[in-house]
Amino acid sequence: MPLDPRLVPLLEQFNALPQPTWTTAEERREAVAQTPVAEQIAALIAAPPAVARVWEERLPVARPADEISVRVYRPEQAEQNPAGALLHIHGGGWWSGGLEDVDDRCRHLADGAGIVVVSLDYRLAPEHPWPTAVHDALAALHWMVAHAARLGIGPDRIGVGGESAGANIAAALTLLTRDTNGPGLRMQLLEIPALDLTLSSPSMQTFGEGYVLTRDDLTWCVEQYAADHDVKDPLVSPLLAPDLTGLPSAVIAAAEYDPLADDARRYAERLRQAEVPCTHTEYPGLVHGAHHMTALLPVARQWQDDVVAAVRHHLNPHGR
């Protein structure tokens, strides 16, 4: 269907922005934070629900040795009995983003699905290139299992999810845990996922210019993240893994006008071929990231409701 007409003026304004003058990731982070369009988009996100308890913790990580933060969301309905839990990984091209960028999403997931959500503040590229983010996600998963009693979660009812670059890390984590006999995962939630960092899909050519996320942007992001590593490595490009059997059930949500749309479609096809339960929904008329605009777009609200229901089904089957 056509691009959602509510997005047209935003897209025109975005495409009219002057060519960037930044040369480093740090300069780009500062430029993005000062972009008026970013403030407008933030205003299009509906206010999230209240959550009973929200707190942050620091946990040690290795390779290289450091500490990272996680933010824990515990809803009222998970206060009495052990709950399911989702490790959530933010997007941002592997070089930007943080806990605040997905705070609304995590609150909706926690409250709507009745689960504990642990939001991961992984270390960013290019200061910390691949595989740091994947190792940070694995460390957070082990931390969740080790502290399950204190967090009030069932260690056998944990899933992983993410958006865009975060979905890439989440998918890589499922492969890593499978191949290293790591903690079992109940599900994977992949929203607008980047799964083939060769950037060679047909949708990359069709929507790689003029629809917010461009092929040039993605090329630069991949260069920061993968550095000199082979982008065909399955832990960099999970879609290229030779074997997807034995992975957790997948819920995949994609936007129609997204250069990454084919990544989602192809990964869903390969998971089904590997007999991994999978649902794949491509939401019409949306560009990359527009699923957050729940105060503007009815289809974004539907996306959010669908994702919450799917997470509840997998991680809290007896909840509301």
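- Taking the six-membered ring for Trp and the full ring otherwise, the centers of Trp130 and Trp94 sit at least 6.0 Å from each other.
- The distance from the CG atom of Leu59 to the NE2 atom of His147 is 8.5 Å, given to the nearest 0.5 Å.
- Counted by atom type alone, Glu163 and His292 present one or more donor-acceptor pairs between their side chains at under 3.5 Å.
- Comment: Glu282 engages Arg265 in a salt bridge, judged by a side-chain N to carboxylate O separation of less than 4.0 angstrom.
- Under the 6.0 Å cut-off for aromatic ring centres, His90 and Tyr122 qualify, their centroids lying closer than that.
- Side-chain contact, Asp104 with His108: no donor N or O sits under 3.5 Å from an acceptor N or O.
- The distance from atom CG of Leu87 to atom CG of Leu189, rounded to the nearest 0.5 Å, is 11.5 Å.
- Between Ile89 atom CD1 and Leu173 atom CG the span is 6.0 Å, to the nearest 0.5 Å.
- Partners of Glu56 according to the salt bridge (Lys or Arg N to Asp or Glu O under 4.0 Å) rule, which considers only residues two or more places apart in sequence or in another chain, are Arg71.
- A donor-acceptor pair shorter than 3.5 Å can be found between the side chains of Ser164 and His288.
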* So Arg29 and Glu127, salt bridge (Lys or Arg N to Asp or Glu O under 4.0 Å) or not? Walk me through it. -> CA-CA 13 Å; Arg29 291 174 192 133; Glu127 296 86 349; 2.9 Å; yes
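- Counting heavy atoms of neighbouring residues, nucleotides and ligands inside a 6.0 Å radius, atom CD of Glu30 exceeds 12 of them.
- Residue-environment remark: CG (Asp228) stays at or below the threshold of 12 foreign heavy atoms within 6.0 Å.
- Taking a cutoff of 4.0 Å between a charged side-chain nitrogen and a carboxylate oxygen, Asp217 and Arg28 qualify as a salt bridge.
- A donor and an acceptor atom, one from each side chain of Asp216 and Thr219, are nowhere located under 3.5 Å apart.
- There is a side-chain donor-acceptor pair under 3.5 Å between Tyr283 and Asp306.
- Using a distance-only test at 3.5 Å, with no hydrogens or angles considered, a donor-acceptor pair links the side chain of Tyr257 to the main chain of Leu3.
- Salt bridge annotation for Asp103-Arg107: present, with a cationic side-chain nitrogen under 4.0 angstrom from a carboxylate oxygen.
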Distance-only donor-acceptor pairs under 3.5 Å for side chains of residues 190-208, two or more places apart:
from, atom 1, to, atom 2, distance (Å)
Glu191, OE1, Arg105, NH2, 2.9
Glu191, OE1, Trp303, NE1, 2.7
Asp196, OD1, Thr198, N, 3.0
Asp196, OD1, Thr198, OG1, 2.6
Asp196, OD2, Thr198, OG1, 3.2
Asp196, OD2, Arg266, NH1, 3.4
Thr198, OG1, Ser200, OG, 2.8
Ser201, OG, Ser203, OG, 3.3
Ser201, OG, Met204, N, 3.4
Ser203, OG, Pro259, O, 2.7
Ser203, OG, Asp262, N, 3.1
Ser203, OG, Asp262, OD2, 3.3
Thr206, OG1, Pro202, O, 3.1

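- To the nearest 0.5 angstrom, Glu57 atom CD is 4.0 Å from Trp143 atom CH2.
- Residues Thr132 and Arg123 have side chains that never bring a donor and an acceptor to within less than 3.5 angstrom of each other.
- Ion pairing of Asp4 with Arg6 is present here, as a side-chain N (NZ or NE/NH1/NH2) and a carboxylate O approach within less than 4.0 Å.
- For Ala295, the side chain to side chain contact (heavy atoms under 4.5 Å, CB included) partners at least two apart in sequence or on another chain are Ala46.
- Between atom OH of residue Tyr267 and atom CZ of residue Arg272 there is a gap of 13.0 Å, rounded to the nearest 0.5 Å.
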